[in-house]
**Q** 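Sharing a structure, written as structure tokens. Questions coming.
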Amino acid sequence: MQAEYNVGRGPEFNKETDAIEVQNLHGGYATLSYLQKIGEQTLIPFTRLQYYDGGKKHELDARSYRVRELELGVEWEPVDAFELVVMYTFSSRRFEDFVNQDNLQEGRLLRMQAQINF
């Protein structure tokens with residue numbers, strides 16, 4: 001298990017006042033994984049929850065964010081030199097700045113990655 005959480009204050013775009021203001025921010029993630037050896041193969045199922053609510057000072061207009069995501073996945077290593085990761089993500093992301101004041105994006109995403117190690 002691995003987790004991290006952040007609480008603080010920082011600049012954030014406020015669409016109600018059309019200004020950048022210092023506001024509260026908080027968010028983090030928790031990852032759960034399990035290592036299973038099956039003969040010479042390795043299988044690592046995992047899940048990750050991620051949440052963030054606040055501004056990002058390094059982005060245009062200190063863009064305001066609210067991110068909620070759930071990721072489910074598995075990593076398979078049939079041999080030491082090859083890894084395959086498959087991950088499915090459920091996502092809800094709101095990010096707003098002066099130009100995009102009502103910007104909520106929701107969706108699902110399938111990621112697949114193959115890696116050769118030498």
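The figures here come from the full heavy-atom set of this structure, side chains too, leaving out hydrogens, waters and symmetry mates. Quick note: residue numbers are just sequence positions, from 1.
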**Q** Indicate, with yes or no, if the rings of Tyr51 and His26 have centres closer together than 6.0 Å.
**A**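 Ring-ring flag for Tyr51/His26: true, centres closer than 6.0 Å.
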
**Q** Looking at every heavy atom in both Gly10 and Leu25, which two are closest together, and how far apart are they?
**A**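 So the two residues come closest at N-CD2, 3.8 Å.
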
**Q** For the NZ atom on Lys15, are there more than 12 heavy atoms of other groups (residues, nucleotides or ligands in this structure) within a distance under 6.0 Å?
**A** yes

**Q** How close do Leu104 and Ser92 get, counting heavy atoms only, and between which atoms?
**A** CD1-OG, 3.8 Å

**Q** What do you reckon, is CZ of Phe82 surrounded by more than 12 foreign heavy atoms closer than 6.0 Å?
**A** yes

**Q** Would you check if Asn14 and Ile20 make a side-chain contact, meaning some heavy-atom pair closer than 4.5 Å?
**A** no

**Q** Are Val85 and Val74 close enough, and set up right, to give a side chain to side chain contact (heavy atoms under 4.5 Å, CB included), and what steps lead you there?
**A** CA-CA 6 Å; Val85 178; Val74 64; over 6 Å; no

**Q** When you check the gap from the basic side-chain N to the acidic O, do Glu69 and Arg93 get nearer than 4.0 Å?
**A**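 So Glu69 pairs with Arg93 through a salt bridge.
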
**Q** Has Ile116 got more than 12 heavy atoms of other residues, nucleotides or ligands less than 6.0 Å from its CD1?
**A**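 Counting other residues, nucleotides and ligands, CD1 of Ile116 stays at 12 neighbours or fewer.
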
**Q** With a 4.5 Å heavy-atom cut-off, do Thr42 and Leu35 have their side chains touching?
**A**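 Heavy-atom side-chain distance check passes, below 4.5 Å.
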
**Q** Test of understanding: with ring pair (Phe, Tyr, Trp, His ring centres under 6.0 Å), list the residues that count as partners of Phe95, not counting sequence neighbours.
**A**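 Once residues adjacent in sequence are excluded, the partners of Phe95 under the ring pair (Phe, Tyr, Trp, His ring centres under 6.0 Å) criterion are Tyr65.
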
**Q** Anything under 30° is parallel, anything over 60° is perpendicular, the rest tilted; go ahead and classify Phe13 against Phe98.
**A** perpendicular

**Q** Would you say Asp80 has more than 12 foreign heavy atoms packed within less than 6.0 Å of its CG?
**A**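 No.
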
**Q** Can you find a side-chain donor-acceptor pair between Gln2 and Glu4 that sits under 3.5 Å?
**A**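 There is no such pair between these side chains.
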
**Q** How many angstroms lie between atom CD of Gln101 and atom CG of Asp18, to the nearest 0.5 angstrom?
**A** 5.5 Å

**Q** With a 4.0 Å cut-off on N to O distance, would you call Asp97 and Arg63 a salt bridge?
**A**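 A salt bridge is present here (some side-chain N lies under 4.0 Å from a carboxylate O).
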
**Q** From Gln23 CD over to Ser64 OG, what is the distance, rounded to the nearest 0.5 angstrom?
**A**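 OG of Ser64 is found 7.0 Å from CD of Gln23.
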
**Q** To the nearest 0.5 Å, what is the distance between CZ (Arg108) and OG (Ser91)?
**A** 11.0 Å

**Q** Test side chain to side chain contact (heavy atoms under 4.5 Å, CB included) on Glu71 and Arg111; report intermediate values, then the result.
**A** CA-CA 10 Å; Glu71 297 174 331; Arg111 295 180 188 169; 4.3 Å; yes

**Q** If I take atom OH from residue Tyr88 and atom CG from residue Leu109, how far apart are they, to the nearest 0.5 angstrom?
**A**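 If I round to the nearest 0.5 Å, the distance is 8.5 Å.
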
**Q** Under 4.5 Å between side-chain heavy atoms, counting indirect links through other Ile/Leu/Val/Met/Phe/Trp/Tyr residues: same cluster for Leu49 and Phe90 or not?
**A**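 Same cluster.
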
**Q** Tell me whether Asp102 is salt-bridged to Arg94, with the criterion being a basic N under 4.0 Å from an acidic carboxylate O.
**A** no

**Q** Answer with yes or no whether the hydrophobic clustering places Phe46 together with Met1; edges join I, L, V, M, F, W, Y residues whose side-chain heavy atoms lie under 4.5 Å apart.
**A**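 As far as the 4.5 Å side-chain criterion goes, Met1 and Phe46 are not connected within one cluster.
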
**Q** Between the side chains of Asn103 and Glu96, is a donor N or O closer than 3.5 angstrom to an acceptor N or O?
**A**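 No.
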
**Q** Just by distance, with hydrogens left out, do Glu83 and Trp76 show a side-chain donor and acceptor under 3.5 Å apart?
**A**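 Short answer, no.
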
**Q** Of all the heavy-atom pairs spanning Pro78 and Gln41, show the shortest one and how long it is.
**A**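 Smallest interatomic distance, heavy atoms only, reads O-CG, 3.5 Å.
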
**Q** Is there side-chain contact between Arg48 and Leu32, with heavy atoms separated by less than 4.5 Å?
**A** no

**Q** When hydrophobic residues are tied together by side-chain contacts of less than 4.5 Å, even through go-betweens, does Val7 share a cluster with Tyr29?
**A**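 Shared cluster, no.
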
**Q** Indicate if Leu110 and Leu72 have the same hydrophobic cluster label, given that clusters are the connected sets of ILVMFWY residues with side-chain heavy-atom separations under 4.5 angstrom.
**A**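 Same cluster: Leu110 reaches Leu72 through Ile, Leu, Val, Met, Phe, Trp or Tyr contacts under 4.5 Å.
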
**Q** Distance from Glu12 atom CD to Glu59 atom CD, nearest 0.5 Å?
**A**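 Taking CD in Glu12 and CD in Glu59, the distance rounds to 11.5 Å.
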
**Q** Would a single hydrophobic cluster contain both Leu70 and Val86, if residues Ile, Leu, Val, Met, Phe, Trp and Tyr are joined by side-chain heavy-atom contacts under 4.5 Å?
**A** yes

